[in-house]
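Remarks on the structure that follows.
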2 protein chains.
Amino acid sequence: MIKINILENDLDINNCPVRKVLDRFGDKWSLLVLLILGKKETLRFNEINKEIGQDISQKMLTVTLRTLEADGYLKRTSYPEIPPRVEYTITDLGKSLFPLIDNLEKWAKVNMSAIEKSREKFMKS
Amino acid sequence: MIKINILENDLDINNCPVRKVLDRFGDKWSLLVLLILGKKETLRFNEINKEIGQDISQKMLTVTLRTLEADGYLKRTSYPEIPPRVEYTITDLGKSLFPLIDNLEKWAKVNMSAIEKSREKFMKS
DNA sequence: CAGTATCCACCCTGATACTG
DNA sequence: CAGTATCAGGGTGGATACTG
């Protein structure tokens, strides 16, 4: 149990709200899937797969979608047809993340070159 | 090489600015160390260690500090005394992250209960 | 089409011991 | 004090084969 003082509150790292969010988007694919669904609203499994490219395995796409669904960032709708059809739609909760992501992106674009220069300098020392 | 369309641009996931940021803070300790240094400005190695608690190993604290230093989020100053003294100070770049973290925290506090309810509901189904 | 199931490799992390 | 070196375990992610 980690106890620290952050921003004037005693926080347990396992209950830290920021960590709880980042734990879901620190993984390899969640953010990507969300952004893709943000653009298209609704997509089928294979459509998401193609949008990402062949670099994601079916397994990881399934795992990622299930996690995002569990948290309520997207909705999964299965149509009992043959062949099966499953649609994934972003929710309002999912959409509400986009301003945060935008901010991250803007910050990154402004500061990334400084960070990369810092890394290079650090390597050489 | 992953090619996707996000936000009207062709993005390679490895060059995605958001991922580049999150890759650094998706880890277990970086954010914590930054926030601690944000409060105190300057701290010694063992002071950071105590602030976090005994849950972080010396090794991981070292690794985390080195990474943050490499990116330019903090500055490391070593005083060649015996016993040695090393001070870590947050930089302006490091400080510039705090508004983003604040936003994440606010978002998390607003939405976390909904997310947790969603998770519980998902478990039962 | 939209998955599961299984196995495997790697990397992150921690524990421990040692050092300038 | 502030590390480094080494080893070990677990979990994430990937490859492949199979299925309702």
Side-chain angles (χ1 to χ4, degrees), chain A residues 1-2 13-14 16 19-20 22-33 36-37 40 42-71 74-89 122 125, chain B residues 1-2 4 13-14 16 19 22-33 36-37 40 42-71 74-89 122 125:
Chain A
M1 197 72 93
I2 299 172
I13 191 180
N14 297 313
C16 172
R19 280 235 54 82
K20 281 191 178 178
L22 289 186
D23 277 350
R24 295 301 208 180
F25 300 106
D27 75 353
K28 200 166 173 182
W29 303 109
S30 293
L31 197 58
L32 212 52
V33 170
I36 288 169
L37 275 179
K40 309 272 187 170
T42 297
L43 286 173
R44 301 179 60 172
F45 185 89
N46 266 4
E47 289 173 334
I48 300 174
N49 204 334
K50 280 171 195 161
E51 196 75 20
I52 293 181
Q54 65 286 48
D55 294 287
I56 190 171
S57 61
Q58 246 181 345
K59 174 188 162 187
M60 286 317 299
L61 183 53
T62 302
V63 169
T64 303
L65 288 169
R66 286 292 182 284
T67 306
L68 293 174
E69 184 195 0
D71 279 18
L74 56 81
K75 194 162 69 68
R76 178 181 183 276
T77 312
S78 170
Y79 299 90
E81 308 166 355
I82 293 178
R85 179 163 59 98
V86 178
E87 289 184 348
Y88 294 90
T89 305
F122 188 80
S125 65
Chain B
M1 196 73 92
I2 299 170
I4 50 162
I13 191 180
N14 298 311
C16 173
R19 279 235 54 82
L22 290 186
D23 278 349
R24 295 302 207 180
F25 300 105
D27 75 354
K28 201 167 174 182
W29 303 110
S30 293
L31 199 57
L32 212 53
V33 170
I36 287 170
L37 276 179
K40 308 271 187 169
T42 297
L43 285 173
R44 299 178 61 172
F45 185 89
N46 265 6
E47 290 173 334
I48 300 173
N49 203 334
K50 279 170 196 161
E51 196 75 21
I52 293 181
Q54 65 284 53
D55 295 287
I56 190 171
S57 62
Q58 245 181 345
K59 175 186 161 186
M60 286 317 299
L61 183 52
T62 302
V63 169
T64 303
L65 288 169
R66 287 290 182 284
T67 306
L68 293 174
E69 185 195 359
D71 279 18
L74 55 82
K75 195 161 68 70
R76 179 180 182 275
T77 311
S78 170
Y79 299 91
E81 308 165 355
I82 293 177
R85 179 163 58 98
V86 178
E87 289 184 348
Y88 294 90
T89 306
F122 188 80
S125 64

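Bear in mind that the values here come from a model prediction, so they are computed numbers and not experimental data. The analysis underlying the following values was restricted to heavy atoms, covering all of them including side chains, and did not include hydrogens, waters or symmetry mates. Residue numbers begin at 1 in each chain, while the letters A, B, ... track the order of the sequences.
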- [ ] Remember a base hit wins even if backbone is also touched, and classify Asp27(A) as base, sugar-phosphate or nothing at under 4.0 Å, heavy atoms.
- [x] sugar-phosphate
Task: Side-chain touch Trp29(B)/Leu61(B), heavy atoms, less than 4.5 angstrom - done: no
Open item on the list: I need the minimum non-hydrogen distance between Phe122(B) and Arg66(A), along with the two atoms involved.
Closed with: CZ-O, 3.9 Å
Task: side-chain hydrogen bond (donor to acceptor under 3.5 Å, both in side chains) against Thr64(B), all qualifying residues, sequence neighbours excluded - done: none
- [ ] Hey, could you give me the CD/OG1 distance between Glu69(B) and Thr62(B), rounded to the nearest 0.5 Å?
- [x] 11.5 Å
Task: Distance in angstrom units between Leu32(B) CG and dT13(C) P, rounded - done: 13 Å
TODO: Apply the test side-chain contact (heavy atoms from CB on, under 4.5 Å) to residues Gln58(B) and Asn49(B): give CA-CA distance (whole Å), side-chain angles for both, the deciding distance (0.1 Å), then the verdict.
DONE: CA-CA 8 Å; Gln58(B) 245 181 345; Asn49(B) 203 334; 4.2 Å; yes
- [ ] Round to the nearest Å and state the distance from Met60(B) atom CE to dC12(C) atom C1'.
- [x] 7 Å
Open item on the list: Just the rounded figure in Å: distance from C1' of dA15(D) to CD1 of Ile56(A).
Closed with: 14 Å
Task: Interatomic distance, Ile82(A) CD1 vs dT19(D) C1' [rounded to whole Å] - done: 12 Å
TODO: Would you check, one step at a time, whether the test side-chain contact (heavy atoms from CB on, under 4.5 Å) holds for Tyr88(A) with Leu65(A)?
DONE: CA-CA 8 Å; Tyr88(A) 294 90; Leu65(A) 288 169; 3.6 Å; yes
Task: Nearest-Å distance for atom pair CD/C1', residues Glu81(A) and dG20(D) - done: 15 Å
TODO: Can you tell me which stems involve DNA chain D, if a stem is defined as three or more consecutive Watson-Crick or G-U wobble pairs, both distances under 3.5 Å?
DONE: C:1-20 with D:1-20
Task: Nearest-0.5 Å distance that lies between atom CD in Glu51(A) and atom CD1 in Ile56(A) - done: 12.5 Å
Task: Under 4.0 Å protein heavy-atom contacts per nucleotide of nucleotides 1-6 of chain C, with B for base, S for backbone only and - for none - done: BBBB-B
Open item on the list: Could you report the tightest heavy-atom contact between Leu68(A) and Phe25(A), atom names first, then the distance?
Closed with: CD2-CE2, 4.3 Å
Task: Interatomic distance, Ile52(B) CD1 vs dT13(C) C1' [rounded to whole Å] - done: 14 Å
Task: Whole angstrom value for the distance that separates P of dC12(C) from CG of Asp23(A) - done: 16 Å
Task: Short side-chain to backbone donor-acceptor contact, Ser78(A) and Val86(A), under 3.5 Å - done: no
